[in-house]
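The block underneath contains the structure these notes are about, expressed in structure tokens.
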Amino acid sequence: MRNVDAAGLGIGDDHPPRIMGVLNVSEESPYDPSVYDDPGEAAEYVDEELIGEGADIVDVGLESANKDLDVLTADQELERLDTAIETLESTSGDAVWSIETRYHEVADAALSRGFDMVNDICGFADPEMPRVCREHDVAVSKMASPPDLERPGAIEDVDDIYEALSMNGFTDKTILDPAFGGWSEAKTHEDDQETFHRLREFRGYGRPLLVSINRKSFLKTIAGRTTEEALPVSLAATSMAVERGAHVIRTHDVAETRDAALIGAAFARDRFKKTPATDAVSVEELDVTTVREADRHLDRLAADPTVADDTVVRTYEIRGLSEEAVGGLRAATAEPGVGATFAVAGSAREAAESASATDGGASEGGETGLLVGTADGLNDVRSAVSDVSAALDGALEPIAGGSK
């Protein structure tokens, strides 16, 4: 996983989760507490409510990305930039300043006048954006989007998000945002939920991830909460996002989100990593839990994609097995080269101490066992025992092949 240096702020697996606080200088923005048009008031808000509460990054929006509103031109955004610059110059706290824009002209002007990074909500739909970011040597957050400056984040099909993130390439300091929220009428809450469920998949490019999920509708609907009531669901999702590999959390609720992110980081699974200072071989355990996630990393490395089926092992407890089923599973997993194994409950105990239903062993309805295997291994086992019984076929049918 590549780490990114954002004006001295480290972002990536080797660093704690970073909090991006939001300031809007656009009167159209939907969340009133973050909207300011007076630089003095905006600076006070930034110092007290953002940096003062633990924000590492201040993200300044010049216009609302609401799909129901007209899109501002680059010149119109530039007219609002003075307020953002005055705010930056009036703050006393220390943070990385990010400009949210879709236009390379605006990014260039902001970076020339004191901003440290770019948050491109159209994901390099402006093909000049990566050039500007390279020339200024700054970090840039790139949100998944169609190649259209008026349709940010409007990727309806979750399967298309990953490819959209690569539009017009990457810079050395690119951070990826899979895009959550109602960017188009066709994008449903179910689409956002699936995107969140597959969050690890977007780590496949080997670059840090940013997520913006604060008080989003797809979370509010799960708990039946309004925007004002949605902080708890946002914090729950924040912990889960960090545990699943997110590095930057964009939020209006800085202090609470910071705490939730730290909890997610503290309980994330430890993965092995060895990066020697010399030219010795380095190794990093990837955050892979599904075949599809493995496939993304193989694609990044231009490696054999068929290997993905052998990268993830699944473990299933199967109950109610007949003697014939147990025998069939044992025989199938004993075949040379099969990527699966099977163990019967109680088989490691002395015969005189055979397992009972109350201590986790065999139940009255038959034997219990654990079947462990890769996607290909499970398919091989299913084929090998297909003539044992209809009951066993029915049990193995949904698990054969493993989970994508």
Rounded to the nearest 0.5 Å, what separation is found between the CD1 atom of Ile57 and the CZ atom of Arg250? 11.0 Å

Arg198/Asp159 ion pair, N-O < 4.0 Å: yes

Those residues that, when tested against Phe170, pass ring-ring contact (aromatic ring centres under 6.0 Å, His included) (two or more places apart): Tyr205

Contact summary for Leu199 and Ala246, nearest pair of heavy atoms: CD2-CB, 4.4 Å

Kindly determine whether Arg113 and Asp108 satisfy salt bridge (charged side-chain N to carboxylate O under 4.0 Å, His left out), including the steps that lead there. CA-CA 9 Å; Arg113 298 178 64 185; Asp108 189 29; over 6 Å; no

Students often mix this up, so state it plainly: with edges at 30° and 60°, are the rings of Phe196 and Phe218 parallel, tilted or perpendicular? tilted

Decide yes or no for Leu176 and Leu210: does some side-chain heavy atom of the first lie under 4.5 Å from some side-chain heavy atom of the second? no

Quick check: do Asp177 and Val211 have side-chain heavy atoms less than 4.5 Å from each other? no

Value for OG1 (Thr257) from CG (Leu235), rounded to nearest 0.5 Å, stands at 5.5 Å

Do Thr374 and Asp376 get their side chains close enough for a donor-acceptor pair, meaning under 3.5 Å? no

Is the number of heavy atoms from other residues, nucleotides or ligands within 6.0 Å of CG (Asp172) greater than 12? no

Could you tell me whether Glu163 atom CD has more than 12 heavy atoms of other residues or ligands within 6.0 Å of it? no

Sequence neighbours excluded, which residues qualify as side chain to side chain contact (heavy atoms under 4.5 Å, CB included) partners of Val326? Leu321, Arg330, Phe342, Val344, Glu367

Looking at Asp137 and Lys173, is any side-chain nitrogen of the basic one under 4.0 Å from a carboxylate oxygen of the acidic one? yes

Arg319 and Glu317 ion-paired at < 4.0 Å: yes

Regarding Asp191 and Thr188, is there a side-chain donor-to-acceptor distance under 3.5 Å anywhere? yes

Take atom CG in Asp94; do more than 12 heavy atoms of anything else shown fall under 6.0 Å from it? no

What side-chain hydrogen bond (donor to acceptor under 3.5 Å, both in side chains) pairs are there with at least one residue in residues 147-157, not counting sequence neighbours? Arg151-Glu156, Glu156-Ser184

On a heavy-atom basis, which atom in Glu53 and which in Ala255 lie closest, and how many Å separate them? OE1-CB, 3.0 Å

Return yes if a side-chain donor-acceptor contact under 3.5 Å exists between Thr227 and Lys220, otherwise no. yes

Sole candidate of Asn119, Asp120, Leu62 that passes side-chain contact (heavy atoms from CB on, under 4.5 Å) when paired with Glu100: Asn119

Any luck finding a side-chain donor-acceptor pair between Asp47 and Thr91 under 3.5 Å? no

Minimum heavy-atom distance Ala241-Ile249, with the two atoms named: CB-CD1, 4.4 Å

Is the shortest side-chain N to carboxylate O distance from Asp253 to Arg215 below 4.0 Å? yes

Testing the 3.5 Å rule here: is there a donor-acceptor pair between the side chains of Ser90 and Glu86? no

Close side-chain approach of Thr315 and Leu371, heavy atoms under 4.5 Å: no

If you define the side chain from C-beta out and look only at heavy atoms, does anything of Leu149 sit under 4.5 Å from Val71? no

Could you report the tightest heavy-atom contact between Gly204 and Tyr162, atom names first, then the distance? C-OH, 3.2 Å

Between the main-chain N or O of Leu165 and the side-chain N or O of Lys142, is there a donor-acceptor pair closer than 3.5 Å? yes

Evaluate the side-chain proximity of Arg207 to Arg300: yes if any heavy-atom separation is below 4.5 Å, no if none is. no

Hey, is the main chain of Trp97 close enough, under 3.5 Å, to the side chain of Asp116 for a donor-acceptor pair? yes

Kindly give the heavy-atom pair with the smallest separation between Asp393 and Val385, and that separation in Å. OD1-O, 3.8 Å

Backbone of Arg296 reached by a side-chain donor or acceptor of Asp299 within 3.5 Å: no

Given the rule in the side-chain contact (heavy atoms from CB on, under 4.5 Å) test, do Leu262 and Val242 qualify, once you have shown the distances and angles that lead to the verdict? CA-CA 8 Å; Leu262 290 174; Val242 172; over 6 Å; no

Asn214-His252 side chain donor-acceptor pair, cut-off 3.5 Å: no

Hits for ring-ring contact (aromatic ring centres under 6.0 Å, His included) against Phe124, two or more places apart or cross-chain, chain-then-number order -> none

Sole residue of Thr73, Val106, Thr101 in side-chain contact (heavy atoms from CB on, under 4.5 Å) with Leu78: Val106

NZ/NE/NH1/NH2 to OD/OE distance under 4.0 Å, Glu285 and Arg269: yes

Taking atom types as modelled, is there a side-chain donor on Glu324 or Ser389 under 3.5 Å from an acceptor on the other? no

Are His136 and Ser112 close enough, and set up right, to give a side-chain contact (heavy atoms from CB on, under 4.5 Å), and what steps lead you there? CA-CA 8 Å; His136 286 275; Ser112 298; 3.5 Å; yes

Which pair of non-hydrogen atoms, one from Pro208 and one from Gly12, has the smallest distance, and what is that distance? CG-CA, 4.2 Å

Within the 4.5 Å heavy-atom criterion, are Ile11 and Ile175 side-chain neighbours or not? yes

Tell me if a side-chain donor or acceptor on Glu293 pairs with a main-chain N or O of Thr290 at a distance below 3.5 Å. yes

Between the side chain of Glu229 and the main-chain N/O of Thr226, is any donor-acceptor distance below 3.5 Å? yes

Can you pull out every ring pair (Phe, Tyr, Trp, His ring centres under 6.0 Å) where at least one residue sits in residues 268-294? Sequence neighbours excluded, please. none

Between Val388 and Leu329, is there a side-chain heavy-atom distance shorter than 4.5 Å? no

Could you give all pairs that pass the side-chain hydrogen bond (donor to acceptor under 3.5 Å, both in side chains) test and reach residues 9-23, with sequence neighbours left out? Asn3-Asp14, Asp13-Arg203, Asp13-His247, Asp13-Arg271, Asp14-Lys273

Quiz question: by atom type and distance under 3.5 Å, do the side chains of Thr171 and Thr174 form a donor-acceptor pair? yes

